[in-house]
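All heavy atoms count here, side chains included; hydrogens, waters and symmetry mates do not.
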Amino acid sequence: MNTEILNETDAEVDLDEVVALTEYLGEALHMHPGAELAVTMVDGAAMSELHVTWMDLEGPTDVMSFPMDQLHQGEPEKPTEGQMGDIIICPEVAEAQARAAGHSTMDEILLLTVHGFLHLLGYDHGEPEAREEMFALQRHLLLTFFAARYDGRTDIPTPTEV
């Protein structure tokens with residue numbers, strides 16, 4: 001997985017941890033090692049502008065995904081190749097959500113990274129059945145990443161409902 005990562009904010013974000021997660025997600029979801037992804041941290045003003053432009057909704061949101069090649073999850077014997085697209089995360093919103101939910105901002109950013117990654121692969125949560133599928137996979141991916149990365153950790157952040 002080729003991940004380009006940028007932090008265009010003053011927020012302290014462990015970019016190496018975000019990249020480690022995207023690499024894990026790429027392997028777990030059978031993406032070709034050459035698949036390309038961009039993850040960018042933006043401030044509230046930039047996210048507000050994107051939110052109005054693309055969703056016609058006022059104010060900043062936590063994460064937005066912009067797919068490029070309309071890719072889907074691969075299979076072990078046939079990994080998916082191509083440009084996944086962009087995940088845009090707003091650490092300001094992530095911090096507020098993390099504080100309200102009682103976990104760290106970094107945990108929230110990791111949760112949002114998984115959420116955005118799944119959207120790039122065509123997962124959605126507009127309908128109850130699709131939401132259940134997406135959120136179950138999101139939970140599984142976070143649990144397995146955290147357990148492997150943090151010595152068996154089994155507590156994960158709960159998604160914020162908006």
Side-chain angles (χ1 to χ4, degrees), residues 1-29 31 37-67 73 84-128 130-162:
M1 182 106 248
N2 290 322
T3 303
E4 177 183 324
I5 188 154
L6 296 167
N7 185 356
E8 298 178 351
T9 75
D10 293 331
E12 289 187 30
V13 177
D14 186 344
L15 300 180
D16 291 337
E17 196 65 4
V18 175
V19 170
L21 175 59
T22 64
E23 289 172 355
Y24 171 78
L25 295 172
E27 289 177 22
L29 298 170
M31 302 305 293
L37 170 69
V39 181
T40 306
M41 306 296 156
V42 299
D43 64 20
M47 185 60 98
S48 291
E49 188 175 319
L50 289 170
H51 206 205
V52 167
T53 300
W54 294 99
M55 304 293 291
D56 201 25
L57 296 170
E58 294 290 327
T61 190
D62 50 5
V63 62
M64 294 184 74
S65 298
F66 297 93
Q73 181 176 339
M84 291 189 66
D86 297 270
I87 300 171
I88 312 296
I89 297 172
C90 183
E92 284 176 43
V93 175
E95 180 180 15
Q97 290 178 173
R99 191 172 35 255
H103 55 254
S104 75
T105 300
M106 195 61 213
D107 278 0
E108 185 74 13
I109 288 171
L110 294 173
L111 168 70
L112 296 173
T113 301
V114 175
H115 191 84
F117 197 101
L118 291 176
H119 274 305
L120 292 179
L121 293 179
Y123 288 90
D124 195 19
H125 47 85
E127 298 297 322
R131 181 187 187 285
E132 187 175 317
E133 177 186 13
M134 181 178 179
F135 279 59
L137 181 55
Q138 178 175 285
R139 178 174 174 71
H140 170 76
L141 291 166
L142 275 174
L143 276 170
T144 55
F145 176 76
F146 280 17
R149 189 98 173 150
Y150 305 116
D151 195 31
R153 178 179 169 187
T154 58
D155 65 306
I156 62 168
T158 303
T160 303
E161 299 293 327
V162 288

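- Note that the CG atom of D62 and the CD1 atom of I109 stand 11.0 Å from one another [nearest 0.5 Å].
- Two residues are said to be in side-chain contact when any heavy atoms from C-beta on lie closer than 4.5 Å; M64 and M55 meet this criterion.
- Sorted by first and then second residue, the ring-ring contact (aromatic ring centres under 6.0 Å, His included) pairs involving residues 6-29 (not counting sequence neighbours) are Y24-F145.
- Among residues two or more places apart in sequence or in another chain, the salt bridge (charged side-chain N to carboxylate O under 4.0 Å, His left out) test is passed with E17 by R149.
- When every heavy atom of S104 is checked against every heavy atom of A98, the shortest pair comes out as O-CB, 3.4 Å.
- In terms of heavy atoms, L111 sits closest to P157 at CB-CG, 3.9 Å.
- Contact check for L37 versus M31: no side-chain heavy atoms found under the 4.5 Å cut-off.
- Within the 4.5 Å cutoff, no side-chain heavy atoms of E4 are placed close to those of T40.
- Here the side chains of V93 and E108 are not in contact, with every heavy-atom distance at 4.5 Å or above.
- Two residues are said to be in side-chain contact when any heavy atoms from C-beta on lie closer than 4.5 Å; L121 and M84 meet this criterion.
- Counting only residues at least two apart or on different chains, the side-chain hydrogen bond (donor to acceptor under 3.5 Å, both in side chains) pairs with a member in residues 116-128 are Q73-Y123, H115-H119, H115-H125, H119-H125.
- The salt bridge (charged side-chain N to carboxylate O under 4.0 Å, His left out) check on E95 picks up R99, with sequence neighbours excluded.
- Within the 4.5 Å cutoff, side-chain heavy atoms of L141 are placed close to those of L118.
- Nearest heavy-atom pair, P60 versus G44, reported as atom, atom and distance to 0.1 Å: CB-O, 3.7 Å.
- Partners of D107 under the salt bridge (charged side-chain N to carboxylate O under 4.0 Å, His left out) rule, at least two apart in sequence or in another chain, are R153.
- Legend: residues meeting salt bridge (charged side-chain N to carboxylate O under 4.0 Å, His left out) with D43, ordered by chain and number and at least two apart, are absent.
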